[in-house]
Amino acid sequence: MMKVSDSFALTVEMLEKGSIENPSFEADCLFESFFGVDRIKRINNPELEIDFDILKLPLEKRLGGVPLQYIIGKWQFYSFEYEVGDGVLIPRPETEILVEKSLELISGRENSVIFDLCAGSGCIGLTFARLIPDSEVYLFEKSEKAFSFLKKNSSGIKNARIVNEDIFYSDCQKYKKPDFIISNPPYIRTDEIPFLQKEVLMEPKMALDGGEDGLVFYRLISEKWLPCLKEGGFIAVECGETQSGEIEKLFSKVCKKTRSVTDYSGTQRIVIGEK
Ligand code: GLN
């Protein structure tokens, strides 16, 4: 057993030495997850004894490059918690902007049918399902591994319909016509993948790789899914730094209006189209 104050200092030091960017933030996440001791509790009870051995394996994994979120097994997105782990993309803060902007578009409409394409953990579509109880949300995900997380995350959410299909092959005519299509598809160019951060490389390539020019999924969505969108409906997608112009062009073949929205760092991160 070891005092919480000493073990916390040791954890921060180990993470620092391992070149982890936010060592005290990560140490707090680990302490909360493995010892049930959050920052306030830790500061107010420095003498509290904990079994530091419990953190040995998690720390080893973290220093070996496993993302913190996989070790903890869950992550917050738009103030809800989602289970994550090997085989599913970790929800990102910039994706919260996609949700926020989409919610503005959806609000005021009733009984909306919403499609979340490439749903992964389900963080986007399940957030809509929770916040808009009169909506019906279809979440499409092809990967078996990701789908198992989607299944867990959607349990108990009555207006969520999960579909284990590849959006390249599934037929949108089989489903109700959507009022909204929302997607954060894989958009990294294949040749950029090897240069990603080591933590990101532990996430599924399938969730990151957007093909030779990174735009494969946007093309597919425009050609195959946009025709199913209701007239007066909206599409909103997340995209990479230099892609919004091309995506607006693709969408404008079917949409009457398109626009891009910037993220917190001023990058054009979201493209919206109105049919
Ligand atoms: N929709 C999920 C997310 O935004 C997964 C996206 C993906 O797998 N590309 O986290």
Side-chain angles (χ1 to χ4, degrees), residues 67-70 72-103 106 114-131 137-154 157 160-168 170 178 180-190 192-193 196-197 199-211 213-221 225 235-241 243 247 261 263-264 267 269-272:
L68 174 74
Q69 294 88 338
Y70 283 2
I72 290 173
K74 54 189 185 211
W75 202 239
Q76 284 225 343
F77 179 86
Y78 220 86
S79 82
F80 297 109
E81 207 163 76
Y82 294 97
E83 281 194 36
V84 294
D86 185 38
V88 73
L89 194 82
I90 299 160
R92 306 289 205 269
E94 54 267 34
T95 308
E96 292 182 330
I97 311 175
L98 172 66
V99 169
E100 191 185 315
K101 294 292 160 195
S102 308
L103 280 171
I106 302 170
I114 303 169
F115 282 8
D116 176 357
L117 307 179
C118 308
S121 63
C123 63
I124 299 176
L126 296 177
T127 302
F128 295 136
R130 287 177 147 126
L131 296 177
V137 184
Y138 288 80
L139 300 102
F140 296 82
E141 175 53 52
K142 78 162 171 182
S143 146
E144 290 295 338
K145 267 191 179 173
F147 195 76
S148 70
F149 285 98
L150 179 57
K151 210 168 175 178
K152 280 188 255 178
N153 287 329
S154 63
I157 305 180
R161 320 258 173 272
I162 55 172
V163 187
N164 192 190
E165 279 181 7
D166 184 340
I167 62 162
F168 273 85
S170 54
F180 295 92
I181 297 177
I182 320 286
S183 181
N184 174 26
Y187 57 70
I188 298 174
R189 282 196 346 236
T190 307
E192 286 177 345
I193 303 253
L196 295 170
Q197 222 187 323
E199 279 84 354
V200 182
L201 285 173
M202 295 227 175
E203 294 185 78
K205 302 269 179 308
M206 200 197 277
L208 300 167
D209 192 341
D213 63 355
L215 297 170
V216 164
F217 284 85
Y218 304 104
R219 253 180 239 117
L220 168 86
I221 292 170
W225 293 81
I235 177 157
V237 295
E238 184 176 316
C239 66
E241 274 171 32
Q243 298 172 331
I247 299 169
V261 180
D263 65 12
Y264 304 119
T267 302
R269 183 62 71 189
I270 290 151
V271 178
I272 296 170

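Just so you know, ligand 1 is whichever comes first in the structure, and atom 1 is the first atom listed for that ligand. The basis for the numbers below is simple: all heavy atoms, side chains too, and nothing from hydrogens, waters or symmetry mates.
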| Under 4.0 Å to a heavy atom of T95 - the qualifying atoms of ligand 1, by number |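 Atoms satisfying the 4.0 Å criterion: 4 (O).
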| request: With heavy atoms of G120 as the reference, note each atom of ligand 1 found under 4.0 Å away. | output: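 So the answer, numbered in order with elements, is 5 (C).
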| said: Please classify the A119 to ligand 1 contact at 4.0 Å (heavy-atom distances, strictly less than): side chain, backbone, both or neither. | reply: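 Backbone only.
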| task | Record the part of P185 in heavy-atom contact with ligand 1 below 4.0 Å; permitted values are side chain, backbone, both and neither. | result |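 P185 to ligand 1: backbone contact only, side chain stays beyond 4.0 Å.
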| Is the backbone of E141 close enough, under 3.5 Å, to the side chain of N164 for a donor and an acceptor to pair up by distance? |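 Here the side-chain-to-backbone pair exists.
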| task | Spell out, as yes or no, whether a donor-acceptor pair under 3.5 Å connects the side chain of T190 to the backbone of G211. | result |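 Judged by distance alone, yes, a pair lies under 3.5 Å.
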Looking only at distances, please establish whether an N/O atom of ligand 1 is found under 3.5 Å from an N/O atom of [X].
X	value
I124	no
L89	no
N184	yes

| message | Given C123, S143, C118, A146, identify the one with the heavy atom nearest to atom 3 (C) of ligand 1. | response |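 Shortest heavy-atom distance from atom 3 (C) of ligand 1: C123.
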| Looking at F168, W225, Y187, F140, which hits ring-ring contact (aromatic ring centres under 6.0 Å, His included) with F217? |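 With F217 as partner, F168, W225, Y187, F140 yield a single ring-ring contact (aromatic ring centres under 6.0 Å, His included), made by F168.
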| What are the two closest non-hydrogen atoms of S121 and V88, and how far apart are they? |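 S121 and V88 have their closest heavy atoms at N-CG2, 3.3 Å.
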| task | Report the nearest protein non-hydrogen atom to atom 8 (O) of ligand 1: residue, atom name, distance rounded to 0.1 Å. | result |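 It is A207 CB, 3.3 Å.
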